[in-house]
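What's counted below: heavy atoms across the whole structure, side chains too, no hydrogens, waters or symmetry copies. Chain naming here is simple, since letters A, B, ... match the order of the sequence lines and numbering starts at 1 in each. What you are looking at is a predicted structure, and each value in this text was computed from that prediction instead of being measured.
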Protein chains: 2
Amino acid sequence: MWWSAMGIRIDKHSGVPVYIQIMNQIKKEIVLGRMKEGDKLPPTRDLARMLGVNINTVLKAYERLQFEGVIQAQHGIGYFITQASFIKKEVLSEIKNFARLLRENNVDLLIAITILEEVYKNDK
Amino acid sequence: MWWSAMGIRIDKHSGVPVYIQIMNQIKKEIVLGRMKEGDKLPPTRDLARMLGVNINTVLKAYERLQFEGVIQAQHGIGYFITQASFIKKEVLSEIKNFARLLRENNVDLLIAITILEEVYKNDK
DNA sequence: TCTTGTGTCATAGATAACTATAACACTAAT
DNA sequence: ATTAGTGTTATAGTTATCTATGACACAAGA
């Protein structure tokens with residue numbers, strides 16, 4: 001088994017703390033079915049090297065994911081996924097359509113997300 | 001003219017720097033047409049008090065928005081909007097539909113946004 | 001001119017995030 | 001038993017963000 005860094009991408013200059021980005025990226029990989037229950041995560045040292053961040057930053061992300069019950073450490077072995085929920089294909093398809101809509105209308109992604117958050121929270 | 005804080009909401013514990021949240025919120029208000037070119041922004045001191053943050057944090061947001069050309073300071077008078085672009089009604093409508101879809105399918109907003117970002121960037 | 005409202009600048013301190021580095025503990029394979 | 005791979009813990013230092021506070025500059029109106 002090897003790690004290319006999987007689909008995990010971070011942006012050090014986005015303003016969002018890196019450890020939170022790592023958490024979100026791993027959750028995303030799981031939801032998209034790229035990682036499933038029982039799968040082993042990249043070792044902390046490896047992921048840190050691949051992402052160009054410090055080990056402690058990856059560890060912080062892993063520890064928080066463990067606290068949330070998403071993954072589980074096994075001392076001396078590695079971290080494993082313990083909880084996996086998948087997104088429906090239709091929903092994923094709709095996300096793609098939505099992304100296309102935004103691009104076609106030249107809507108800035110950050111602004112769209114800000115509006116989306118407001119709408120999502122207000123209509124509850 | 002008064003300031004209720006307008007539609008500007010921030011979350012101190014979201015991990016995203018507050019001054020960036022303020023920037024995004026103001027851009028959002030403009031795009032939604034709630035503020036238009038020439039409109040005066042809340043004074044730094046007032047917005048700081050309304051949001052429960054320090055003046056310097058608001059100032060940092062305003063200064064960056066000015067650097068981006070969105071707003072313009074007039075010494076002793078206030079900050080004014082210099083650049084306004086609007087979102088199409090159809091796009092806003094689609095954002096609302098999208099938010100509804102996510103809620104109906106119990107999709108976590110953060111994860112949805114993470115997937116959206118990936119799709120948006122990859123399909124370019 | 002004086003006052004009020006506002007932008008601007010500066011300094012200092014607190015907290016969070018990130019980095020650098022080392023040492024130790026457990027597991028599996030040889 | 002030894003080694004390699006991995007998790008765990010600890011310490012220290014740097015940088016970014018946020019706060020607290022004060023002082024000064026400019027504009028408009030009384």
Side chain [X], main chain [Y], donor-acceptor under 3.5 Å:
{"X": "A/S93", "Y": "A/K89", "answer": "no"}
{"X": "B/K12", "Y": "B/G52", "answer": "yes"}
{"X": "B/E29", "Y": "B/R34", "answer": "no"}

Whole-Å distance separating the [atom1] atom of [X] from the [atom2] atom of [N]:
{"X": "A/H13", "N": "C/dA17", "atom1": "NE2", "atom2": "P", "result": "18 Å"}
{"X": "A/Q72", "N": "D/dT6", "atom1": "CD", "atom2": "P", "result": "18 Å"}
{"X": "B/Q66", "N": "C/dT6", "atom1": "CD", "atom2": "P", "result": "17 Å"}
{"X": "A/I55", "N": "C/dA20", "atom1": "CD1", "atom2": "C1'", "result": "9 Å"}
{"X": "A/L59", "N": "D/dG7", "atom1": "CG", "atom2": "C1'", "result": "8 Å"}
{"X": "A/L47", "N": "C/dT19", "atom1": "CG", "atom2": "P", "result": "12 Å"}
{"X": "A/L41", "N": "D/dG5", "atom1": "CG", "atom2": "P", "result": "19 Å"}
{"X": "B/R49", "N": "D/dT21", "atom1": "CZ", "atom2": "C1'", "result": "17 Å"}

- Apply side-chain contact (heavy atoms from CB on, under 4.5 Å) to A/K60 and A/I22, showing your working. CA-CA 10 Å; A/K60 191 168 182 180; A/I22 294 174; over 6 Å; no
- Task: Report yes if some heavy atom in the side chain of A/Y62 is under 4.5 Å from a heavy atom in the side chain of A/L47; otherwise report no.
- Result: yes
- Phosphate contact (D/dG5 OP1 or OP2) by A/Y79 side-chain N/O below 4.0 Å: no
- Per-nucleotide pairing state of DNA chain D [Watson-Crick or G-U, under 3.5 Å; [ ] pseudoknot-crossing; | other strand]: ||||||||||||||||||||||||||||||
- Task: State whether a side-chain donor-acceptor pair under 3.5 Å links A/Q83 with A/E37.
- Result: no
Looking only at heavy atoms, what is the nearest atom pair of [X] and [Y], with distance?
{"X": "B/P17", "Y": "A/G15", "result": "CD-O, 3.0 Å"}
{"X": "A/V16", "Y": "A/Q21", "result": "O-NE2, 2.8 Å"}
{"X": "A/I71", "Y": "A/Y79", "result": "CD1-CD2, 3.7 Å"}

- 5' to 3', nucleotides 13-18 of chain D under a 4.0 Å protein heavy-atom cut-off (B base, S sugar-phosphate only, - none) gives ----SS
- Note on the structure: Counting primed atoms, P, OP1 and OP2 as sugar-phosphate and everything else as base, the B/S/- map of nucleotides 22-30 of chain D against protein heavy atoms under 4.0 Å is -B-BBS---
- Task: Nearest 0.5 Å please: distance from the CD atom of A/E68 over to the CE atom of A/M23.
- Result: 4.0 Å
- Query: B/L41, B/M50: one ILVMFWY side-chain cluster at the under-4.5 Å cut-off?
  - Reply: yes
